[in-house]
Amino acid sequence: MPELPEVETVRIGLKKLIIGKTIVNVSFDWPKSFPNDPQQTAAFILNARIQNVRRRAKVLMIDVSTDYSLVIHLKMTGQLVYRGEQTFGAGHPNDSLVGDLPDKSTRVIITFADNSQLFFNDQRKFGWMRLIPTLEIPNIDFMKKVGPEPLEPSFTLQVFQDQLLRRKNTNIKAALLDQTVVAGIGNIYADESLFMAGIHPKSIVGAIPKRRINLLHDSVVHVLQLSINKGGSTDKNYVNAEGKKGSYMSFAKVFRQEGNICPNGCGSIIEKIKVAGRGTHICKKCQKLYKVA
DNA sequence: CACTTGACCTGTCCGC
DNA sequence: TGCGGACAGGTCAAGT
């Protein structure tokens with residue numbers, strides 16, 4: 001569930017909270033969540049200072065002063081929650097989904113010199129946190145393959161079209177979810193942008209008219225940016241770096257809206273179908289199916 | 001090579 | 001109430 005807007009919201013929050021802090025301890029209970037040699041971990045990041053928090057696609061990078069980075073993928077249920085002096089003994093805000101930490105989904109705990117802590121929680125254990133030399137990050141497989149950042153100015157219509165050409169025989173939903181086509185789109189924003197562009201998710205990429213691709217390009221950018229402005233989507237698990245929910249779900253037009261009236265006012269009901277192996281939300285009337293060029 | 005499906009996990013919900 | 005099974009969805013490996 002954490003997609004580009006959620007990861008970006010975490011990045012912005014973490015940047016405010018942990019820059020300049022010194023790591024004094026790292027502990028973990030599930031090796032797959034933190035597949036690093038414990039001795040190396042100690043040698044490479046203990047007493048290191050946090051210098052920057054970056055994002056590429058759905059991947060977060062916490063750069064430290066030893067030229068190493070903690071590279072983090074939250075996958076579906078990962079959370080990065082900071083607890084610091086301002087929250088000690090203060091209880092938890094109403095919009096928090098997270099209670100006392102650590103809890104049973106806590107996989108990694110990073111403790112800073114001022115006793116504040118960063119918790120990596122991950123109920124389903126799909127996410128991971130790896131220690132990698134900062135300069136080597138571009139060489140890891142995922143970074144080499146991942147497509148353009150949709151919110152960069154370089155993500156032009158032409159770039160989008162060219163990227164989609166590589167998947168022209170598959171359905172548009174699978175193409176949008178393919179991280180080598182565009183970085184950062186997941187199930188929520190694929191459904192939302194396809195609805196906004198009026199394209200049925202089962203449409204074959206090569207059969208979609210150029211003006212619709214143009215609309216889809218603009219929809220992707222709009223939907224992602226709107227969600228960042230709303231602090232991301234909290235469907236079940238997602239929280240920001242302070243443990244708080246995002247509010248985009250109350251603006252979602254089709255995602256998890258099955259059974260409701262189409263917000264376009266066309267009179268039909270939002271349906272849930274399966275496309276590319278994923279739950280997919282559509283308005284049959286407003287989203288046109290393109291099968292043949 | 002293009003494309004699809006299954007595995008990785010755990011918590012929740014639904015039907016019997 | 002208990003219990004099995006489907007489902008949730010990001011990514012990679014394995015399959016067609």
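Here is how names work: the chains are called A, B, and so on, in the same order as the sequence lines, proteins then strands, and each is numbered from 1. The analysis underlying the following values was restricted to heavy atoms, covering all of them including side chains, and did not include hydrogens, waters or symmetry mates.
Residues A/Asn264 and A/Lys285 have side chains that never bring a donor and an acceptor to within less than 3.5 angstrom of each other. At a cut-off of 3.5 Å, with distance as the only test, no side-chain donor of A/Lys202 or A/Tyr290 sits close to an acceptor on the other residue. A/Tyr238 and A/Ser233 form no side-chain donor-acceptor contact under 3.5 Å, judged by distance and modelled atom types alone.
In summary, of the residues considered (A/Tyr248, A/Phe255, A/Phe195), a ring-ring contact (aromatic ring centres under 6.0 Å, His included) with A/Tyr189 occurs for A/Tyr248 alone.
A/Gln287 has its side chain within reach of A/Ile282: a pair of non-hydrogen atoms, C-beta onward, lies under 4.5 Å apart.
Residue A/Lys272 contributes atom NZ, which lies 15 Å from atom P of C/dA6 at whole-angstrom precision. Rounded to whole angstrom, the span from the CD atom of A/Glu258 across to the P atom of B/dC14 amounts to 12 Å. Following rounding to the nearest Å, A/Tyr238 (OH) and C/dA8 (C1') show an atom-to-atom distance of 19 Å. Atom CG in A/Asp235 sits about 14 Å away from atom P in B/dT12, given to the nearest Å. One can place CH2 of A/Trp128 at 9 Å from P of C/dT11, the figure rounded to the nearest angstrom. Remark: P of C/dA8 and CE of A/Met249 are 13 Å apart, rounded to the nearest angstrom. Atom CG in A/Asp122 sits about 10 Å away from atom P in B/dT10, given to the nearest Å. If you measure from atom CG of A/Leu4 to atom C1' of C/dG10, you get 14 Å, rounded to the nearest angstrom.
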Distances for protein N/O vs nucleotides 14-16 of chain C N/O pairs under 3.5 angstrom?
none

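A salt bridge links A/Lys284 with A/Glu271: at least one charged nitrogen is closer than 4.0 Å to a carboxylate oxygen. Ionic pairing of A/Asp191 and A/Lys253 is not present here: no N-O contact between side-chain nitrogen and carboxylate oxygen is shorter than 4.0 angstrom. Ionic pairing of A/Asp63 and A/Arg54 is present here: one or more N-O contacts between side-chain nitrogen and carboxylate oxygen are shorter than 4.0 angstrom.
Of the side-chain N and O atoms in A/His73, one or more sit less than 4.0 angstrom from OP1 or OP2 of C/dT11.
Note: A/His217 and A/Phe155 have parallel aromatic rings, judged against thresholds of 30 and 60 degrees for the angle between ring planes. Using bins of under 30°, 30° to 60° and over 60° for the plane-to-plane angle, the ring pair A/His73/A/Trp128 lands in the tilted bin.
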Convert the base pairs of DNA chain B into dot-bracket notation, remembering that pairs crossing earlier ones are written with [ ] and that bases paired across to another strand are shown as |; include only Watson-Crick or G-U pairs under 3.5 Å. .|||||||.|||||||
Applying salt bridge (charged side-chain N to carboxylate O under 4.0 Å, His left out) to A/Lys75 and A/Asp122, what does each step give before you reach the verdict? CA-CA 9 Å; A/Lys75 290 289 181 83; A/Asp122 187 15; over 6 Å; no
Please report the C-alpha distance between A/Glu149 and A/Arg55 in whole Å, then the side-chain angles of each, then the deciding distance to 0.1 Å, and finally whether the salt bridge (charged side-chain N to carboxylate O under 4.0 Å, His left out) criterion is met. CA-CA 10 Å; A/Glu149 282 292 322; A/Arg55 180 191 60 77; 3.0 Å; yes
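Residue A/Lys145 has its side chain nearest to C/dC12 when only C/dC12, C/dG10, C/dT11 are considered.
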Base versus backbone protein contacts along nucleotides 2-9 of chain B [heavy-atom cut-off under 4.0 Å; B, S, -]: -SS---BB
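Within 4.0 Å (heavy atoms only), A/Phe255 reaches sugar-phosphate atoms of the nucleic acid but no base atom. If you check every strand for non-hydrogen atoms under 4.0 Å, A/Arg256 touches sugar and phosphate atoms only.
Between the P atoms of C/dA14 and B/dC9, the separation comes to 15 Å (whole Å).
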